[in-house]
Amino acid sequence: MKLHKNNIKKIPFTCTLDCGGRCELVAWVRDGKVIRIDSPPGKPDNDHKPRLIPCLRGRGQRRLMNSRERLLKPIKRSGARGSNDFTEIDWDEALDEVAEKLRYYKEQYGSEAVLHITGYGSLGGRGFSGLSASNRFFSFWGGVTDTCGNTSSWCAGIASDWMLGDVWGSIYCPDLLNSRLIILWGMNPAENRHGVNLAYFISRARDKGAKVILIDPRYTDSGILADQWIPIKPGTDVALISAIANVWENEGLTDMDFMNTYTTGYKAYRKYVLGHDDGVPKTPEWAERITKIPAETIIQLAREYISTKPAILLPGLGPQRTMYGEQTERAYITLACMSGNMGLRGGGFAHDGIEPRGRVGLGNLPYGNYRPTRRIRSENWGKFLLDGSLDPSVRMAYVVASNAINRSSDTLSNAKALEAMEFVVVQDQYFTPTAKYADIVFPICNDLERSDLVSGGGNVFYNKKAVDPLGETKTDYWVFSRLAEQLGFGYEYTHNRTQEEWVEFFLNAEKLDDDRLKQEGVIRGEIIPEMTLAGFLKDPVSNSLRTKSGLIQITCPQAEENGLPEIPVYIENKPEFPDDYPLHMVTPHSKLRANSSGHANLWLQNIEPHRIWINPADAEQRGIEDNELLEVYNQFGKMLIPARITKRIMPGVVCIYQGTWFNIDESGVDVGGCANVLTGHHSTPTGGMAVHSEWVQVRRMAE
Ligand code: SF4
């Protein structure tokens, strides 16, 4: 295609998908249309300020904004909930009806009769978009029932809190260039980022001679970064950790100076791994039976880990989304401590990589005085509502930037819970499965159709409106401003400013270098962060941790209070019906979507068609052929999905990427491939999501 240079405007922006990163993108605009999305050329690229290189999802935003699933006008339900029967209506009519319902439910039943669901969709900036816009709105309107909890990293957060006193492990990415061994344990930065440039620095470290080991039931795309793949049965990570610790103890390799100086309660853990209490030493042979990793591989891993310094343990968040995820996370931290790598540049333990992190200040829009009066867990909200234990009950749901049916476990219960509501409003860019359960749907702009200020990774991004909104789409801010006016708090919500005027206001108030920000789209942070626990490691007395002892707690009294052992012992993840559902299912995030955002981008979906991964041995046992349509089912639901027969997944385990859209047929079978149709409402002892402790059966359609 020949481009006429002078007619093209290049407008920088960042996408606001819920991926954990924030990257630099450039929209090429001609005649009011986005014709291409690129990453910015010619930006400085060095270790301390590497380019924030976008992934497929960001680069695919042009296709996404023009998707056939895009909502262009307000619509009203005209058929059954969950159907495609909607009619277009005017904005005024739609806003009047929603304002009227909000008034009615508040007067009749109190504001908590309204359930506010948000999150995991578009995460905008200073209170204009997505969850921040609706949180603000309800802070002026009244105390709603809200969802709470962290479906991503609940157990990681709990374990950090118990053991380290609320310290979250991150590595400053350039430090990886010092690493000599990098262990990706259930972590998949090539697909899921975990900080924009983590995969980039891992590959640079490898070029410099670091060895990379991948421990995962699947050979993920991150396998290309690795020298060795060690397949492990899901939910058995603590058994492997116990066996590594056993080898270290038997060979006198544990860094006892570190354990004696910085930790408390190690004696009990040592007794456990040596089997002094229960008579079962946690040997590599013991772990082989549980993890399916050969004992000699465990010994090799244990010796290599302890003898190579600096070594960094990078666990993903998947392993802690298992039945006893708290134990998994506690065991990771214990192992990293024992290894003697804590405090070394390029060593230790981290869940994500961070870039140079600054503190570029930005204001926030003012909030009202109301806070949610009740909160229900976001990972099992549907089941909870159906149980009917809420008094007074919830009657209306207001869903903002969230494909709530899809994104939480137990999709069928979520759909039933919305079906049972008296009135449902959905505010979204796309006609998602959740929107199909609404009475009124408001169509919303995307990142390129509105101005915003977005912060992430210590950087500030200026998203300048690049094109006019498609159809009759509006910003979240505009919708809530109109509703606020009708409900009597218009000025409090807007201060008589449009979104554009607020953006200008913040730019002036914060004295940002707004010329640079407007031209380049980003102001990068400048501060190089200290290593995790740096102060404590320098002086554990003066800089004690906010734990019970001030030290790293290998034994945790809080664990016992929550029904867990005081030390991070292995507890078997037991299937409910092992004979009926023998295959362990994992449902990881996909490089093609951020949760379910991005499903509407057919161009991306075609890159890697949605299929269930199954090992050739399991396929052969069932007479399954590659690409054949299969029935996958368990006690929670059933779906139809084609097979992908691959050695990239270990025997006994199947994988369905989460995030594809739920699409139920007349017989109650999901034909969309929504992984959460097969995940239940189980949670860990402290309430974390346990979606990687699910089992299924798979069979051919013809049977
Ligand atoms: S989805 Fe995340 S990693 Fe990908 S371009 Fe957008 S912000 Fe960057």
Side-chain angles (χ1 to χ4, degrees), residues 11-28 34 36-41 43 45 49-65 67 119-125 129-131 152-153 170 173 187-203 220-222 225 316-317 351-355 357 401 403 407 429-430 446-450 452-463 466 520-525 588-601 603-605 607-608 657-660:
I11 301 173
F13 76 107
T14 185
C15 78
T16 59
L17 292 175
D18 184 12
C19 69
R22 287 287 163 261
C23 305
E24 292 179 86
L25 289 143
V26 178
W28 293 32
V34 177
R36 177 183 171 135
I37 289 186
D38 220 340
S39 59
K43 287 272 203 161
D45 199 356
K49 275 200 186 160
R51 293 166 69 192
L52 302 171
I53 299 172
C55 75
L56 281 172
R57 293 164 290 202
R59 289 170 188 270
Q61 291 245 2
R62 183 174 74 86
R63 311 266 181 162
L64 191 57
M65 70 189 288
S67 159
Y120 311 95
S122 167
L123 301 179
S129 309
L131 71 93
S152 295
S153 55
S170 299
C173 279
M187 176 177 267
N188 184 8
E191 297 184 64
N192 297 323
R193 292 278 155 130
H194 299 274
V196 173
N197 281 313
L198 187 61
Y200 166 73
F201 277 100
I202 291 171
S203 82
T220 61
D221 286 7
S222 294
L225 300 168
L317 294 174
H351 273 296
D352 51 18
I354 52 173
E355 318 304 332
R357 179 167 283 190
N403 190 357
R407 57 90 160 158
Q429 297 173 16
Y430 304 96
N446 88 343
D447 287 324
L448 290 159
E449 297 163 342
R450 61 189 175 206
D452 206 343
L453 288 169
V454 181
S455 50
N459 307 311
V460 172
F461 300 88
Y462 173 55
N463 277 8
E520 296 181 14
V522 62
I523 295 182
R524 301 288 299 271
H589 287 231
S590 160
K591 61 179 173 269
L592 307 177
R593 295 175 292 276
N595 293 303
S596 86
S597 303
H599 171 93
N601 188 341
W603 178 69
L604 279 188
Q605 305 315 319
I607 289 176
E608 193 174 298
Y657 279 116
Q658 62 96 274
T660 51

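Hydrogens, waters and symmetry mates are skipped; everything else that's a heavy atom, side chains included, is used. All ligand and atom numbering here is 1-based and tracks the order in the structure. Source: prediction; values computed, not measured.
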Residues in side-chain hydrogen bond (donor to acceptor under 3.5 Å, both in side chains) with T660, at least two apart?
H610
Report the residues that fulfil side-chain hydrogen bond (donor to acceptor under 3.5 Å, both in side chains) with S590, sequence neighbours left out, ordered by chain and then residue number.
none
Sorted by chain and residue number, which protein N/O/S atoms are under 2.8 Å from atom 4 (Fe) of ligand 1?
C55 SG
Would you say that R62 contacts W28 through its side chain, given a criterion of any heavy-atom pair below 4.5 Å between the two side chains?
no
Looking at W603, is its backbone amide N or carbonyl O close enough to the side chain of N601 to form a donor-acceptor pair, meaning the two atoms are under 3.5 Å apart?
yes
Expected output: side-chain N463 to main-chain T14 donor-acceptor under 3.5 Å:
yes
Who pairs with H351 by ring-ring contact (aromatic ring centres under 6.0 Å, His included), at least two apart in sequence or on another chain?
W168, F349
